[in-house]
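Everything below concerns the one structure shown next.
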Amino acid sequence: MAAVTADQTTQGTLGTQDVADADRVAAFEAAVAADERIEPRDWMPDAYRATLVRQMAQHAHSEIIGMQPEANWITRAPSLRRKAILMAKVQDEAGHGLYLYSAAETLGTSREELLDKLHAGRQRYSSIFNYPTLTWADVGAIGWLVDGAAITNQVPLCRCSYGPYARAMVRICKEESFHQRQGYELLLALSRGTEAQHAMAQDAVNRWWWPSLMMFGPPDEASSHSEQSMAWKIKRHSNDELRRRFVDICVPQAEALGLELPDPDIRWNEELGRHEFGAIDWDEFQAVLKGNGPCNEQRISQRRRAHEEGAWVRDAAAAHAAKHAPAQSSTRTPAQHSAPAHHVEETA
Ligand code: BYC
């Protein structure tokens, strides 16, 4: 952000509007420095707003696209108990999408606009969801590793400087903890089961480990947004810092599971007080981001289809809301005006 200096204001080189802007910038920066929350009606720099919309939209899209790989196994869950757990989890992901789209609406973007951008390939969703779920053990590996990585990344977001995002993350993180535990428990059952079940669990971990590490984003030196996002306290830690934290958490858990992490270079470094690990294939990450992962096309075409097939539900909900809406007062925000039309989200 281009700061307006005190010198400029005292030397009279700025007009009244510029002085008002300088005051607003100063108030914003002071609030961020004091760890106060920025709320929707507060003034904020355009770039701060744009960064939040970008990250929150990407996050929301990841939640609803993330329903697809796991929903793939609902009909084939091996027991009623496993099916009930998986259905609840997939439904939770839809709910997370709703919290996040609603939080993004407080920044002046509608859910339709964000979904249109997703469907047109103009906004991203997490790289992780472009990998296939080949066996039942993948449901366990996603819970343990993907939700585990998500928690590691998202707990610090509960302290994000933007109030609505931070508050949405509190509830999401509670639900993600349940997701992570069900995945761990599922993998433990397989690992302690027959030889074939153990092998299936190991194979799933082998396939999901490296993509899970990529979820944290590019290495710090290649992360274009981290420095500014950390200065604004949207992000509290760098991508590499969180990735290292995740590896430290997973190593003893893998041991307890009786499964191996597919990285011969993992070792404890006494001096650094953390684990070292092998090189990540960043070419693969870039290929997935460019749309060339194993499932990119399938994921986005399924999402577009679900959106089209859900049009009648949105229309019906909007008609119902209009019929029962009280006379609208002029003090409501544009986001509140459009809210009833979006209360129903289609499935993935
Ligand atoms: N995948 O400057 P950087 C879940 C992009 S859902 C795709 O480091 P930033 C779950 C990045 O957007 C989990 N793209 O970016 C759901 C940027 O591109 P643009 C989702 C990625 O934003 C269902 C460029 O690379 N979690 O848990 O500072 C079932 C440079 O990156 C990825 C969130 O969204 C990636 N992995 O940091 C189960 C958490 N990484 O926009 C589980 C919120 C980076 O310049 N988001 N890119 O074209 C964040 O914390 C941050 O956005 C990130 C990236 C750490 C992901």
Side-chain angles (χ1 to χ4, degrees), residues 50-73 86 88-97 99-100 103-104 117-118 121-131 133 138-160 162 165-166 168-169 172-173 175-180 182-183 208 210-232 234-243 246 280 282 284-291 293 296 299 348:
T51 294
L52 281 169
V53 170
R54 179 187 61 79
Q55 178 168 328
M56 290 162 72
Q58 176 170 327
H59 195 163
H61 300 330
S62 304
E63 299 285 357
I64 62 166
I65 297 261
M67 295 166 74
Q68 292 183 33
E70 293 187 276
N72 178 36
W73 280 93
L86 184 55
K89 180 183 191 295
V90 171
Q91 216 168 331
D92 281 353
E93 310 300 357
H96 296 175
Y99 309 155
L100 290 164
K117 285 186 176 156
L118 169 67
R122 287 167 52 214
Q123 280 180 343
R124 299 185 186 286
Y125 59 90
S126 181
S127 50
I128 192 75
F129 300 116
N130 292 305
Y131 292 86
T133 39
D138 288 24
V139 172
I142 289 182
W144 177 42
L145 295 174
V146 176
D147 289 284
I151 295 169
T152 310
N153 166 271
Q154 291 170 21
V155 166
L157 290 175
C158 298
R159 292 188 297 120
C160 164
Y162 187 57
Y165 192 25
M169 291 317 305
I172 290 176
C173 284
E175 293 173 356
E176 297 290 19
S177 301
F178 152 72
H179 297 170
Q180 193 268 355
Q182 67 82 37
W208 288 93
W210 292 105
S212 298
L213 293 189
M214 295 174 196
M215 280 177 75
F216 294 91
D220 290 351
E221 62 275 15
S223 168
S224 44
H225 304 292
S226 278
E227 196 182 337
Q228 182 61 80
S229 288
M230 285 170 70
W232 278 330
I234 293 172
K235 284 168 84 162
R236 294 280 178 162
H237 307 280
S238 78
N239 299 353
D240 285 332
E241 221 177 317
L242 292 173
R243 191 170 8 248
F246 177 64
I280 294 171
W282 292 114
E284 176 180 320
F285 175 72
Q286 289 304 336
V288 173
L289 257 59
K290 287 197 179 91
N296 293 60
R299 299 291 184 241

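Read the numbers this way: they start at 1 and go in the same order the structure lists the ligands and their atoms.
- Side chains of His59 and Tyr165: a donor on one and an acceptor on the other come within 3.5 Å.
- Of the residues listed (Thr152, Val146, Leu145, Asn153), the one engaging Met215 in a side chain to side chain contact (heavy atoms under 4.5 Å, CB included) is Val146, and it is the only one.
- Residues forming a ring-ring contact (aromatic ring centres under 6.0 Å, His included) with Phe285 (at least two apart in sequence, or on another chain): Trp282.
- Listed by chain and number, residues touching ligand 1 at under 4.0 Å (heavy atoms only) are Arg54, Gln55, Gln58, His59, Ser62, Glu63, Gly66, Glu70, Lys89, Glu93, Arg124, Tyr125, Ser126, Ser127, Phe129, Val146, Asp147, Ala150, Asn153, Gln154, Leu157, Tyr165, Glu176, Met214, Met215, Phe216, Gly217, Pro218, Ser223, Ser224, His225, Ser226, Lys235, Asn239, Phe285, Leu289.
- Among all heavy-atom pairs drawn from Ser212 and Ile128, the shortest one is N-CD1, 3.6 Å.
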- request: Decide yes or no on side-chain contact (heavy atoms from CB on, under 4.5 Å) for Phe129 and Gln68, but give the supporting numbers first.
  value: CA-CA 8 Å; Phe129 300 116; Gln68 292 183 33; over 6 Å; no

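- When only modelled atom types and interatomic distance are considered, Asn130 and Tyr125 share a side-chain donor-acceptor pair under 3.5 Å.
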